[in-house]
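Here's the structure, in C-alpha cells; my notes come after.
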Amino acid sequence: MINAILGGVLIGLSVSLMLLFNGRVTGISGIVAGIMRLDKNDISWRAAFILGLVFGGFLLKAFYPQSLMQISSSGTGDYIFAGLLVGFGTVLGNGCTSGHGVCGISRFSVRSILSTVTFIFFGILSVIAYKALRGEL
Amino acid sequence: MKTIIAFIVGLLFALGLGFSGMTQIQTVKGFLDILGSWNPALMGVMIGAIGIHSILFHLIKKRGTPLLDTKFHLPTRNDIDKKLLIGAALFGIGWGWGGICPGPGIVAATSGEFKHDCIRCLNARRDADS
C-alpha cells in the first residue's frame, strides 16, 4: 500500500510539472487523441510525452520487470473488446483515469468527479460480469 | 523545451504507474473486484496523486501563467451531458473487462510479453495444424 501511495505521489508530481511548465492537463487519452488531429504546432509535446511513457516502460522492464503485466494470448478477443470500449469511451467522455481521475478531481471539477464515479461503478459491474460469465463468482 | 518537459513528465508518470503496481492487470481488476479479494492499491495511488496535485494545482494556478506558455490550457466546461456519462460508462466497462486503461496500456506495451505470447500462440497453431 505504501508503494501505491508513493507511486501516486510521483504521478501527482509529474502532472504538476506538466501544469507548471507547459500549462497542460496530463490526460493520457486526451494527449493521444490530440495526436490524431495532426496539428503541426501541437504534435511534438504530445509525441514526446508518449515517448516518455514508453521509455519509462523500458526502464521498468530493465530494472523492475516484475512490475509489468503478463498478458495471455488466450484473451486476445477480450482485449480487443476492452480496448475498443476504452478508446471510444474516453474520447466520447473527454478523459480517463489520468485526465478526469487525477487532474480533474484535483481541480475539484464536477464533470471529472462524476466521470470518475461513473467509470469506477461500471468497471466494478464489468469485473463482476466478466467473472460471472466464467463461473468465478 | 516544452517537448523535453513533456518527455520527462511521461517518464516520471510511467515510473509512478510501475512503482505503484498499476501496470499490472491484477492490481486494477483487484480494485474493481469488490466481491472477490479486494485490492485497495489503486485507491492508494489516487490518494497520493490527488493529495499532491490538488495542493500544487492551486499553488501553480495562482502564478497566472505557466513557465513556458502564455496561458494555462484547462478545461472550462462544467455542464453535465450525456456524452460525458455514456463515455465514462463505456470506458469503465472496457477498463474492468481488460484491466487496462490508456496510461498503463502504453507503458506496459513495451514489456514485450504480449508479442512473445502472439508468437507462442502462432507456433502452437502451426504445430496443431501439422
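A note on names: the letters A, B, ... follow the listed sequences, proteins ahead of strands, and every chain is numbered from 1.
Interface check for chain B: of the options A/T116, A/N94, A/L114, the most heavy-atom pairs under 4.5 Å are formed by A/L114. Of all the listed residues (A/L17, A/V54, A/V110), the one sharing the greatest number of non-hydrogen pairs under 4.5 Å with chain B is A/V54. Interface summary for chain B: among A/F121, A/F81, A/F88, the most heavy-atom pairs under 4.5 angstrom belong to A/F81. The candidate from B/T70, B/L12, B/L56, B/I5 with the greatest count of non-hydrogen atom pairs under 4.5 Å with chain A is B/I5. Most heavy-atom pairs under 4.5 Å with chain B, from the set A/L6, A/V91, A/I124: that is A/I124. Ranked by heavy-atom pairs under 4.5 Å with chain A, the list B/L15, B/L90, B/L32 is led by B/L32. When B/I34, B/D81, B/D79 are compared by the number of non-hydrogen pairs under 4.5 Å with chain A, B/D79 comes out ahead. When each of B/A14, B/A49, B/G21 is checked for heavy-atom pairs under 4.5 Å with chain A, B/A49 comes out on top. Across B/G51, B/G103, B/G105, B/G99, the residue that shares the most heavy-atom pairs under 4.5 angstrom with chain A is B/G103. Looking only at heavy-atom pairs under 4.5 Å with chain B, the residue among A/S126, A/A47, A/G89 that has the most is A/S126. Contacts with chain B were tallied for A/T90, A/L19, A/L60, A/V102; A/L19 has the most, counting heavy-atom pairs under 4.5 Å. Per-residue heavy-atom pair counts under 4.5 Å with chain A were compared for B/I8, B/V9, B/I86, B/V28, and the maximum is reached by B/V9.
Under a hydrophobic-cluster definition in which Ile, Leu, Val, Met, Phe, Trp and Tyr are linked whenever side-chain heavy atoms come within less than 4.5 Å, directly or via other members, B/L42 and A/L125 are assigned to different clusters. Hydrophobic clustering (side-chain heavy atoms under 4.5 Å, transitive across Ile, Leu, Val, Met, Phe, Trp, Tyr) groups B/L11 together with B/I4. Hydrophobic cluster membership differs between A/I80 and A/L85, with clusters built from Ile, Leu, Val, Met, Phe, Trp and Tyr side chains linked at under 4.5 angstrom. Clustering ILVMFWY residues whenever any of their side-chain heavy atoms sit less than 4.5 angstrom apart, transitively, puts A/L84 in a cluster other than the one holding A/V127. Cluster annotation: B/I80 is not connected to A/I120 through the hydrophobic network of ILVMFWY side chains, with a link wherever side-chain heavy atoms come within less than 4.5 Å.
The shortest non-hydrogen separation linking A/G12 to B/H53 is O-ND1, 3.9 Å. Here the closest non-hydrogen pair linking A/L53 and B/G10 is CD2-O, 3.3 Å. When every heavy atom of B/G36 is checked against every heavy atom of A/K131, the shortest pair comes out as CA-NZ, 3.9 Å. Nearest heavy-atom pair, B/G18 versus A/Y64, reported as atom, atom and distance to 0.1 Å: O-CE2, 3.7 Å. The two atoms that bring B/A41 and A/A4 nearest to each other are O-CB, 3.3 Å, heavy atoms only. B/K2 approaches A/W45 most closely through the heavy-atom pair O-CB, 4.2 Å.
For A/L59, the part lying under 4.5 angstrom from a heavy atom of chain B is the side chain only. Using a 4.5 Å cut-off between heavy atoms, A/Y130 contacts chain B through both its backbone and its side chain. Only the side chain of A/F108 comes within less than 4.5 Å of a heavy atom of chain B; its backbone N, CA, C and O stay farther away. Proximity to chain A is absent for every atom of B/L59, based on heavy atoms less than 4.5 angstrom apart. Contact of B/N39 with chain A is not made at all, since no heavy-atom distance falls under 4.5 Å. When heavy atoms are compared at a cutoff of 4.5 Å, A/F21 approaches chain B by way of both its backbone and its side chain. Only the side chain of B/I60 comes within less than 4.5 Å of a heavy atom in chain A; its backbone stays farther off. Only the side chain of A/L133 comes within less than 4.5 Å of a heavy atom of chain B; its backbone N, CA, C and O stay farther away. Contacts of A/L20 with chain B are made by both backbone and side-chain atoms, with heavy-atom separations under 4.5 Å. Heavy atoms of A/A129 lying under 4.5 Å from chain B belong to its backbone as well as its side chain. Of the atoms belonging to A/M18, heavy atoms from both backbone and side chain fall under 4.5 Å from chain B. Only the side chain of A/V32 has a heavy atom closer than 4.5 Å to any heavy atom of chain B. For chain B, the nearby part of A/Q66 is the backbone; its heavy atoms alone come within less than 4.5 Å. For B/N78, the part lying under 4.5 angstrom from a heavy atom of chain A is the backbone only. Both the backbone and the side chain of A/S115 come within contact range of chain B, each with at least one heavy atom under 4.5 Å from a heavy atom of that chain. Looking at B/R63, only its side chain comes within 4.5 Å of chain A, counting heavy atoms on both sides. At a 4.5 Å heavy-atom cutoff, B/I47 makes no contact with chain A through either its backbone or its side chain. Of the atoms belonging to A/F58, heavy atoms from both backbone and side chain fall under 4.5 Å from chain B.
Aromatic ring orientation, B/W95 versus A/F119: perpendicular (interplanar angle above 60°, classes split at 30° and 60°).
Put simply, the side chain of A/N22 does not reach to within 4.5 Å of the side chain of B/D69, judged on heavy atoms. You'll find the side chain of B/F13 reaches within 4.5 Å of the side chain of A/T26, heavy atoms only. Between B/I100 and A/V86, every side-chain heavy-atom pair lies at or beyond the 4.5 Å cut-off. Counting heavy atoms from C-beta outward, A/H100 and B/L84 have side chains that approach closer than 4.5 Å. Two residues are said to be in side-chain contact when any heavy atoms from C-beta on lie closer than 4.5 Å; B/I25 and A/Y79 meet this criterion.
Summarising the geometry, atom CD1 belonging to A/I11 is positioned 9.0 Å from atom CE belonging to B/M46; distances are rounded to the nearest 0.5 Å. The CG atom of B/L85 lies 9.0 Å from the CZ atom of A/R111; values are rounded to the nearest 0.5 Å. The CG atom of A/L137 sits 6.5 Å away from the CG atom of B/L35 when rounded to the nearest 0.5 Å. B/C101 SG to A/I28 CD1: the interatomic distance, rounded to the nearest 0.5 Å, is 7.5 Å.
More than 12 heavy atoms of other shown residues, nucleotides or ligands fall within 6.0 angstrom of atom CZ in B/F72.
One N or O on the side chain of B/T23 and one on the backbone of A/S67 form a donor-acceptor pair closer than 3.5 Å.
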Practice prompt. Run the numbers on A/T97 and B/F91 for side chain to side chain contact (heavy atoms under 4.5 Å, CB included), then give the verdict.
Written response: CA-CA 10 Å; A/T97 352; B/F91 164 50; 3.7 Å; yes

